[in-house]
Amino acid sequence: MADAKIGAYICKGCGLGERLETKQLVTIATREGKAGVAKEHDFLCSAAGVEMIQNDINNEGVNRVVIAACSRRAKTEAFAFDGEITLSRVNLREGVIWVRPDTDEARETTEEMAADYVRMGCAEAKYMTPPASAQEKGSNNHLLVVGGGMSGMTAAIEAAKAGYPVTIVEKTGALGGAAANFYKRIPDRSPYAEPMDTGIDAMIKTIEADAKISVKLNSTITKTSGAPGSFSADITTESGATSTENFGAIIMASGFKSYDMNLLPELGGGKSPDVVDQMGLEKLAKAANGGAIKRPSDGREIKKVIFVQCAGQRSEKEGHLSYCSGHCCSTSIKQAMYFKDQNPDIETDILFTDLRTPGAPGEDFYRSGQEKGITFRKGVVSDVSPAGGSLKVKFKDLILNEEISDEADLVVLATGQVANAGVDIEAVKQDEPGEWKVNADSILNMNYRQGKDLPHLKHGFNDSHFICFPYETRRTGIYTCGPVRRPMDIQQAIEDATGAALKAIQAMENAQLGRAAHPRSGDLSYPSFRKEGCTQCKRCTVECPFGAIDEDERRYPVFNESRCRRCGTCMGACPVRVISFENYSVETVGQQLKAVDMPDEFSEKPRILVLACENDAYPALDMAAQQGMQYSAFTRVIPVRCLGSVNTIWITDALNSGYDGAILMGCQKGDNYQCHFVKGSELAHMRMSKIDDTLKTLNLEQERVATYEVAITDIKRAPQLIEDMAATIEKIGMSPFKF
Amino acid sequence: MSEVIATNQTILVVGGGISGLTAALEAAECGKQVILVEKNPSVGGRVSQLYKYFPKLCMPSCGLEINLRRLKANKNLRLLTMTEVTHVEGDTGNYTVTLKTTPRYVNENCTACGECAKVVETEFASEYNYGLGKRKGAYLNHPMAHPQRYILDARIIGTPDADKAKAACKYDAIELDMQPAETQLTVGAIIWATGWKPYDAAKIQPYGYDRYPNVITSVEFERMADPFGPTGGKLLRPGDGKEAKNVAFIQCAGSRDVNHLAHCSRICCMATLKQTTYLREKYADDFKSTVYYIDIRAIDRIDDFYQRVQADTNITFTKSKVANITQDKDGNPVLHGVDTEGYHRYSNPHDLCVLAVGMEPSVPKDGFPMSIKLNPEGFVEQDPANGGFFAAGCSSDALDVNRAVQSATASALRAIQVVNKVAGMEG
Amino acid sequence: MAKKSYSFYPGCSSQKAASSSNYQVSVDAMCDVLDIELNEIPDWNCCSASIGYAGGGELPRLALSARNMALSEQAHPGQDIVATCAACWLSTKETQERLHSDKDLLAETNTALAEAGLKLKNDKNVRHMVEVLIEDLGYDELGKHVKKPLEGMKIAGYVGCQTNRPFGIAGESFENPMYLDKLINTMGAEACETYEKKVSCCGGALAFSEPEKSQALIKDIIESAYDNGADMIVTPCPVCQMNTEVYQDQINAKYGTKFKMPVVYYSTLMSVAYGKNGKEAGLNGHIIPAKQLEAIAGK
Amino acid sequence: MSNYNNEMVEKFRGNFLKEVEANVEEGDWVKMCMQCGVCSGSCPLGPHWEHPPQEIFMLIRANKREEVLNSSSMWMCTSCYNCIARCPRGLPITHIMHGLATYAKRLGLAPKQQATAKFAQLFWDNLVKTGRVNELKLGLSLYFMNGIGEGIKTSLKMKDIGLGMLKTKRMSPMEMLGGHGCKDAKGLHAILKKAKEIEEAKIGIHGA
């Protein structure tokens with residue numbers, strides 16, 4: 001690859017020309033920044049400005065572009081150049097002139113600020129190389145779907161429709177899953193009035209007829225390894241025969257189990273064959289197939305059915321489910337219709353506390369149930385017990401405010417869905433490398449360092465933690481869908497599975513190009529590591545939020561680039577600093593903070609280093625500038641991919657080279673974390689708690705280093721935190737470590 | 001507007017809210033050519049007007065930042081703002097779409113330096129703040145508005161303000177003679193993500209939204225809670241600017257009502273639960289709140305959040321559809337009705353009454369550019385009859401953000417199936 | 001404007017020497033000015049109002065109104081049926097709609113009507129006089145005829161229930177209808193825009209059977225008119241008029257209030273504004289005299 | 001008529017909702033209530049309802065037959081139509097209340113001495129006689145409906161109003177003798193008789 005040649009371009013637009021000595025900045029870029037080309041321009045983001053730069057790239061061999069203008073968040077499209085280059089954005093607008101007053105007193109320090117940022121930009125450029133994208137790119141585009149129920153079948157059919165080959169692995173002897181036992185399903189078409197065919201048979205036919213879809217029944221996954229584009233899975237049949245196949249991505253649609261109603265004896269669970277759960281009733285209805293549903297106990301005809309909603313759900317009682325399964329209200333309405341449609345004289349009472357039939361389909365279906373004469377009562381059931389050939393149901397009617405004792409021939413308990421999510425990797429100890437064993441309870445049996453199944457989120461479900469990103473998986477290339485993710489009905493499962501299929505396809509397409517999945521979508525950089533130097537401390541393998549790094553028998557990390565999301569947590573974790581990305585490394589940041597011109601101890605010009613998360617804190621500071629807020633001219637901000645990527649060496653270096661304070665700004669941590677790299681902020685706080693020792697040895701005050709959780713909306717607070725640090729430094733004085 | 005290139009392998013996404021953004025990004029990140037049209041000056045849609053999300057209480061702008069980064073970085077995706085689809089012809093895999101772009105009067109040169117806004121004097125009610133508070137005639141809706149480019153309100157064109165703005169711009173970014181433009185494109189599939197609008201609260205006459213200043217809508221309350229909203233994050237009664245510390249929330253304001261919206265809007269219960277937490281956030285323990293509801297629909301794992309709010313002793317839940325509202329001499333809305341759990345009558349004065357207004361499809365039944373199968377509520381049905389036209393998000397049903405994004409992701413695949421077939425890529 | 005003709009259903013209370021005979025007088029005066037011809041349905045019968053239910057039941061009740069409509073169809077083909085009494089309008093319009101939506105019910109009704117040799121096609125609109133004024137003439141037209149603007153008069157427009165719900169006047173809301181206020185303003189008087197008892201119930205027929213309960217409601221209606229600075233109340237409904245006017249003394253006795261609030265009909269108001277004298281405007285039919293109107297009418 | 005009651009109890013044993021759907025005006029709608037309570041809150045005489053409408057609908061579905069039919073609640077309906085205007089499910093509540101009241105009366109279960117029940121009957125009888133209401137007779141019969149003694153008291157209480165009405169010519173003693181009426185009262189009676197027969201046959205009242 002061609003030698004590095006820095007081209008530094010200083011913009012004079014947006015008042016930069018008036019506020020700053022741009023000539024001076026050009027000189028700094030050339031002399032100190034060693035820029036091969038350094039130019040100023042009145043209006044850099046204009047067609048002319050951009051063309052000027054592109055020409056230098058094409059004709060002058062510039063391959064390290066430094067744009068000293070506005071924030072990296074502005075004019076991004078304008079500064080998207082062609083060619084193998086790196087791009088450094090020096091934030092003179094939002095980062096300097098907009099946060100400083102336009103006064104003569106302020107002029108000097110503002111100029112210094114700008115000058116430092118130009119130095120920093122050039123320093124970064126010097127140590128970056130254009131990302132070449134991962135060497136080993138998986139090119140397999142064959143989708144593995146684990147689970148042959150409604151969700152799995154949908155994912156398979158939809159992916160195949162888009163042209164991708166699919167293999168379904170189903171542990172039972174037939175496709176269809178739970179829904180195969182349903183008599184009918186909740187309608188998904190207006191007028192949303194009548195239960196409709198489940199469509200299972202049609203789907204199975206479609207799958208059998210589709211050359212792109214192969215099905216392996218009575219089979220489970222006994223080992224999963226590899227990465228997006230190059231997964232490998234051992235598929236083992238009941239008989240124990242195992243075949244190993246390669247896949248590009250994986251969809252886990254392992255569904256749910258119904259909550260065991262025997263755990264609800266107070267509601268008659270297990271006390272009488274005439275008390276069934278919703279799945280039980282589906283079986284009865286399927287058997288009756290439109291005819292009269294008979295009592296399980298004695299085959300007598302049924303005159304009255306009572307449906308008990310929220311059975312063992314939405315309850316804090318020991319062993320109950322604290323959540324709501326979402327579909328049960330509509331399901332009970334559907335099931336009451338089984339009776340009403342067959343014989344309107346059968347009484348069907350639904351006892352609920354909140355009737356949850358959302359959306360247009362839900363409310364229409366509720367009304368349809370009422371029209372068919374289903375009785376809805378807001379009530380809490382306290383006891384169901386067999387009594388004289390029928391069932392006695394005790395409940396409090398909350399509308400009539402009255403204890404009621406009613407009789408029924410059949411009671412249906414709306415119990416919840418329990419995710420079939422494999423082993424909880426937080427709970428079970430992981431096998432040591434080399435001693436890896438199959439776990440019968442595991443769905444995927446991944447050989448990942450961090451465990452055999454996907455991390456559970458809440459209540460044992462494999463959902464995404466993020467509201468805006470329901471498919472933000474923590475195991476790149478592996479997506480869950482259907483009730484294993486969140487309790488849901490068929491309609492939602494179909495929608496969910498279709499979405500998951502897209503993400504899986506996207507993961508395969510990304511892998512082929514060595515591209516990262518979001519949040520750093522399209523990032524071609526990848527972590528490389530110098531094996532010599534590695535001390536096998538395992539921090540990177542343990543701390544990687546996405547389980548991207550395995551260990552070989554000798555405890556050396558094994559990177560799986562396609563699993564990597566480029567957050568740099570491994571880089572932050574590494575005590576011997578052998579992990580780096582082409583365009584983001586211990587050097588690219590370390591050299592920036594060293595490039596700063598450090599005034600001496602008596603100058604009364606302290607320096608404050610701010611390492612800000614590029615997704616929340618940095619935009620917050622940008623927007624503060626837009627709003628005309630100001631902060632100390634002694635601040636030098638460096639955006640980082642994630643606070644998890646902050647290597648403590650940066651702080652130590654900063655302190656050693658005379659910085660008077662350092663602030664780390666990351667996202668919210670804890671259970672309700674907002675860090676899109678899961679633990680970045682968490683880890684940073686942990687690591688920084690250890691920096692105190694360093695401070696002691698240098699005998700510096702602890703207040704000089706602060707770590708904060710900063711949300712993107714902390715537009716007022718972020719600058720304030722900087723001001724606070726400035727004030728602290730005033731109080732405790734300058735660092736003695738200036739050279 | 002520079003030349004837009006599209007073929008019948010291009011996917012058109014209509015609507016730049018979170019659903020449209022998601023659908024467009026997911027498709028583009030699968031390597032597809034995507035054109036995203038948004039009728040407003042910037043993308044982000046309704047979620048950009050939210051202070052927080054339920055149940056995590058995290059900031060929507062956090063996810064928006066990520067999506068904007070994805071958008072700026074993706075060369076497969078072309079964004080057209082201030083553009084609407086006026087007509088669609090053709091069929092699956094080969095649609096001819098007519099786009100109408102209304103003038104922004106500001107071109108790509110704009111650096112968002114803000115000089116034009118400084119000189120323009122005329123102010124207008126802020127759409128972004130649902131009419132609470134004003135904005136200049138040259139403006140950026142909010143700090144994260146994308147494209148980060150100002151817009152001149154058409155109403156100042158031809159006034160001295162417009163000339164002042166032009167004079168203030170150093171970059172020839174302002175073109176006062178910009179004209180509406182019509183473009184025709186060929187696309188293979190259409191993702192319809194035009195979302196929802198709040199139901200017109202004035203139509204719910206018994207609640208007097210049009211008569212009592214201290215009866216407001218949930219979307220207005222949301223803007224008030226935002227530190228960068230019209231009240232700087234203070235919960236003030238429009239009537240007299242007094243801080244609202246005893247706040248009533250009326251559920252199903254327009255929803256589940258055959259006189260208004262027959263459907264359940266799904267999100268309102270959760271939105272209200274979320275908004276009660278704003279009261280605690282602002283006032284610690286010094287507040288009271290009553291939620292008047294028919295059923296609290298905190299579906300699936302979100303029910304935890306409901307349980308958490310229920311545990312707050314300052315918040316009361318009353319199972320009752322409020323009959324009507326009157327106003328006492330202090331300007332307090334007085335809510336009249338019957339608590340149906342055991343029959344208790346009430347006439348409760350509150351500082352402020354928030355109507356949890358329902359979700360109405362943005363596009364009226366007769367407003368579609370081609371004939372589309374809708375359900376009676378006006379949402380697009382998933383029906384083969386709609387061919388290569390797929391609804392995403394709230395144009396398909398009243399959905400929360402999470403489900404809207406799922407729906408958008410699914411619709412992206414459906415569209416990809418169409419263009420892949422066109423490209424003969426199967427097998 | 002050309003003469004407008006309607007098939008008119010006056011109703012029991014409008015008859016000579018009946019409780020709202022003065023309403024009829026003012027309506028005649030008003031229609032005379034507006035060139036509206038009201039052709040009385042020959043031999044019409046009582047509609048049984050809404051209180052008749054417990055005596056008559058459903059079908060007999062429907063039959064009553066059906067008979068009137070059938071007679072109207074015979075005598076005034078092509079003419080809308082117009083009523084001035086809220087109860088008459090409501091019962092008739094309800095019957096018209098019920099029989100429209102329920103064919104069996106229509107058949108049964110006709111079986112009953114056949115006993116008197118009648119048959120109902122049920123093809124007529126049933127309208128309230130106010131609808132005629134607003135929809136067929138419009139405020140502008142109504143304003144044109146004002147000879148004596150009712151200046152300086154503050155009037156509470158009391159719409160009440162049955163002229164307003166469940167049908168009401170097109171384009172008006174149930175909770176805050178504006179048409180009465182607009183009429184008042186059109187006549188040159190000032191409407192109490194903030195009169196919040198506008199659509200509250202006066203107890204209707206229960207003023208007879210449940211006097212205490214009803215008078216409690218009536219008290220609030222009048223009180224609020226005073227609170228809003230009204231000189232008088234105007235209403236489109238005979239029952240409202242009767243209830244709010246005649247019980248004021250009893251209410252004063254019970255609650256120690258000093259009510260003496262005149263309650264007139266919109267038609268009274270209009271007749272006076274149109275220059276009719278007190279007698280023509282039916283002002284002499286008020287127990288609590290509307291002195292300001294009398295003064296103007298006297299001029 | 002209480003044998004009618006027994007027959008109905010027999011016929012609909014244990015299913016009051018079905019009974020209401022079969023025999024009560026607009027009774028089909030009862031099942032559509034979703035217990036929001038807007039009707040109860042909208043009723044002008046609400047505070048005087050022992051069971052407000054929405055609760056009555058629940059009682060019906062809960063088979064509380066006597067509790068509903070013996071109740072004075074439905075008789076509190078002033079026919080203001082607020083409930084109908086506001087009901088989110090579009091129930092014709094006013095008519096259902098009228099229907100329930102009428103039905104209770106037919107079954108002989110309506111509260112004894114229920115003023116509105118009596119007045120409604122007086123009103124009906126009054127109007128049926130000549131085809132038009134005779135307000136004077138109606139008024140007097142109303143005052144005396146609870147016996148002479150009561151009647152004198154009430155009349156005295158009402159005399160001022162009476163005088164006022166006389167003075168303003170909104171009432172006339174002449175009404176005592178004949179007064180207004182339809183010419184074809186005979187035809188009207190025939191119509192009403194037929195209508196009654198048809199209706200009662202439908203709901204199983206025979207020999208009435």
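Residue numbering restarts at 1 for every chain, and letters A, B, ... go by the order of the sequence lines.
- Side-chain contact check for B/Gln406 and A/Asp496: at least one donor-acceptor pair (N or O, by modelled atom type) lies under 3.5 Å.
- Distance OG1/A/Thr713 to OH/B/Tyr51: 6.5 Å, rounded to 0.5 Å.
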> A/Lys503 and B/Glu26: salt bridge (Lys or Arg N to Asp or Glu O under 4.0 Å), yes or no, with the steps?
Replying inline: CA-CA 8 Å; A/Lys503 295 301 289 187; B/Glu26 297 300 348; 2.9 Å; yes
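- Taken from CZ in A/Phe466 to SG in B/Cys58, the straight-line distance is 8.5 Å, to the nearest 0.5 Å.
- Most heavy-atom pairs under 4.5 Å with chain A, from the set B/Cys264, B/Ala404, B/Gly31, B/Ala27: that is B/Cys264.
- Taking CD1 of A/Ile715 as the reference point, atom CZ of B/Phe228 lies at 4.0 Å (rounded to 0.5 Å).
- The candidate with the highest count of non-hydrogen atom pairs below 4.5 Å against chain B, out of A/Gln313, A/Lys716, A/Arg520, A/His465, is A/His465.
- Of the listed residues B/Val418, B/Asp295, B/Leu140, B/Leu68, the one with more heavy-atom pairs under 4.5 angstrom with chain A than any other is B/Asp295.
- With respect to chain B, the highest number of heavy-atom pairs below 4.5 Å among A/His676, A/Arg515, A/Gln668 belongs to A/His676.
- For B/Cys110, the part lying near chain A is the backbone, with the side chain staying farther off; criterion is any non-hydrogen pair under 4.5 Å.
- When heavy atoms are compared at a cutoff of 4.5 Å, A/Pro487 approaches chain B by way of both its backbone and its side chain.
- Between B/Thr111 and A/Lys75, the shortest heavy-atom contact is CA-CE, 4.0 Å.
- Across all their heavy atoms, A/Leu502 and B/Ala412 have their closest contact at CD1-CB, 3.5 Å.
- No other option in A/Ala497, A/Ala501, A/Cys468 has as many heavy-atom pairs under 4.5 Å with chain B as A/Cys468.
- For B/Pro147, no part lies under 4.5 angstrom from a heavy atom of chain A.
- With a 4.5 angstrom heavy-atom cutoff, B/Arg149 does not touch chain A via any of its atoms.
- In this structure, a donor-acceptor pair under 3.5 Å is present between the side chains of A/Gln492 and B/Arg403.
- Most heavy-atom pairs under 4.5 Å with chain B: of the set A/Asp463, A/Leu400, A/Asn401, this distinction falls to A/Asp463.
- A donor-acceptor pair shorter than 3.5 Å cannot be found between the side chains of A/His518 and B/Asn67.
- Both the backbone and the side chain of A/Asn672 come within less than 4.5 Å of a heavy atom of chain B.
- Of the two parts of B/Ile66, the backbone and the side chain both hold a non-hydrogen atom closer than 4.5 Å to a non-hydrogen atom of chain A.
- With a 4.5 Å cut-off on non-hydrogen atoms, B/Gln148 touches chain A through its side chain but not through its backbone.
- Chosen from A/Glu402, A/Lys458, A/Arg367, the residue pairing most often with chain B at heavy-atom distances under 4.5 Å is A/Arg367.
- Looking at B/Asp383, the atoms closer than 4.5 Å to chain A (heavy atoms on both sides) sit in the backbone and in the side chain alike.
- Nearest heavy-atom pair across B/Leu25 and A/Gln506 is O-NE2, 4.3 Å.
- Residue contact with chain B, scored on non-hydrogen atoms closer than 4.5 Å, involves the side chain of A/Arg485 exclusively.
- Only the side chain of A/Arg93 has a heavy atom closer than 4.5 Å to any heavy atom of chain B.
- In terms of modelled atom types and a separation under 3.5 Å, the side chain of A/Tyr323 and the main chain of B/Ile299 share no donor-acceptor contact.
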>> Determine whether B/Lys319 and A/Thr353 satisfy the following criterion, side chain to side chain contact (heavy atoms under 4.5 Å, CB included), listing intermediate values before the conclusion.
In response: CA-CA 11 Å; B/Lys319 188 197 181 320; A/Thr353 50; over 6 Å; no
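- Heavy atoms closer than 4.5 Å to chain B are found nowhere in A/Ser46, neither backbone nor side chain.
- Only the backbone of A/Asp188 comes within less than 4.5 Å of a heavy atom in chain B; its side chain stays farther off.
- Both the backbone and the side chain of B/Gln382 come within contact range of chain A, each with at least one heavy atom under 4.5 Å from a heavy atom of that chain.
- Of all the heavy atoms in B/Ile296 and A/Asp354, the pair that sits closest is N-OD1, 2.9 Å.
- We find the CG-CZ distance between A/Leu457 and B/Arg301 to be 5.5 Å, quoted to the nearest 0.5 Å.
- B/Glu29 places no side-chain N or O within 3.5 Å of a backbone atom of A/Ser521 that could act as its donor or acceptor partner.
- If you check the side chains of B/Arg297 and A/Thr357, you find a donor sitting under 3.5 Å from an acceptor.
- Chosen from A/Leu398, A/Ile467, A/Leu321, the residue pairing most often with chain B at heavy-atom distances under 4.5 Å is A/Ile467.
- A salt bridge is absent between A/Glu316 and B/Arg308: the closest approach of a Lys/Arg side-chain nitrogen to an acidic carboxylate oxygen does not fall below 4.0 angstrom.
- Legend: residues meeting side chain to side chain contact (heavy atoms under 4.5 Å, CB included) with A/Ala360, ordered by chain and number and at least two apart, are B/His263, B/Asn375, B/Glu377, B/Phe379, B/Asp397.
- Environment of CG in B/Asn107: crowded, with over 12 heavy atoms of neighbouring residues, nucleotides or ligands closer than 6.0 Å.
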>> Go through it in stages, so that I can follow the logic: the residues are A/Ser322 and B/Asp303, the test is side chain to side chain contact (heavy atoms under 4.5 Å, CB included), and I'd like the CA-CA distance, side-chain angles, deciding distance and then a yes or no.
In response: CA-CA 8 Å; A/Ser322 67; B/Asp303 198 64; over 6 Å; no
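- For chain B, the nearby part of A/Tyr673 is the backbone; its heavy atoms alone come within less than 4.5 Å.
- How far OH of A/Tyr471 is from OG1 of B/Thr22: 11.0 Å, rounded to the nearest 0.5 Å.
- For the pair B/Arg256 and A/Glu363, the salt-bridge criterion is met [side-chain N within less than 4.0 Å of a carboxylate O].
- For the residue pair A/Ala80 and B/Lys75, the shortest heavy atom distance occurs at CB-NZ, 4.1 Å.
- For B/Gln307, the part sitting under 4.5 Å from any heavy atom of chain A is the side chain, from C-beta outward, and nothing else.
- Residue A/Gln627 touches chain B through its side chain alone, counting heavy-atom pairs closer than 4.5 Å.
- Neither the backbone nor the side chain of B/Met359 comes within less than 4.5 Å of any heavy atom of chain A.
- The pair B/Asp300-A/Arg314 does not count as a salt bridge, with every side-chain nitrogen at least 4.0 angstrom from each carboxylate oxygen.
- Between A/Cys14 and B/Tyr171 there is a side-chain heavy-atom pair separated by less than 4.5 Å.
- Residue contact with chain A, scored on non-hydrogen atoms closer than 4.5 Å, involves the backbone and the side chain of B/Ala298 alike.
- Between A/Ser190 and B/Glu381 the shortest heavy-atom distance is N-OE2, 2.8 Å.
- Separating the OH atom in A/Tyr164 from the CG atom in B/Asn420 is a distance of 6.0 Å, to the nearest 0.5 Å.
- Inter-residue side-chain proximity for A/Arg73 and B/Glu65 is flagged as met; some heavy-atom pair is nearer than 4.5 Å.
- Between the side chain of A/Gln626 and the backbone N or O of B/Pro143 there is at least one donor-acceptor pair closer than 3.5 Å.
- Within the 4.5 Å cutoff, side-chain heavy atoms of B/Met144 are placed close to those of A/Ile712.
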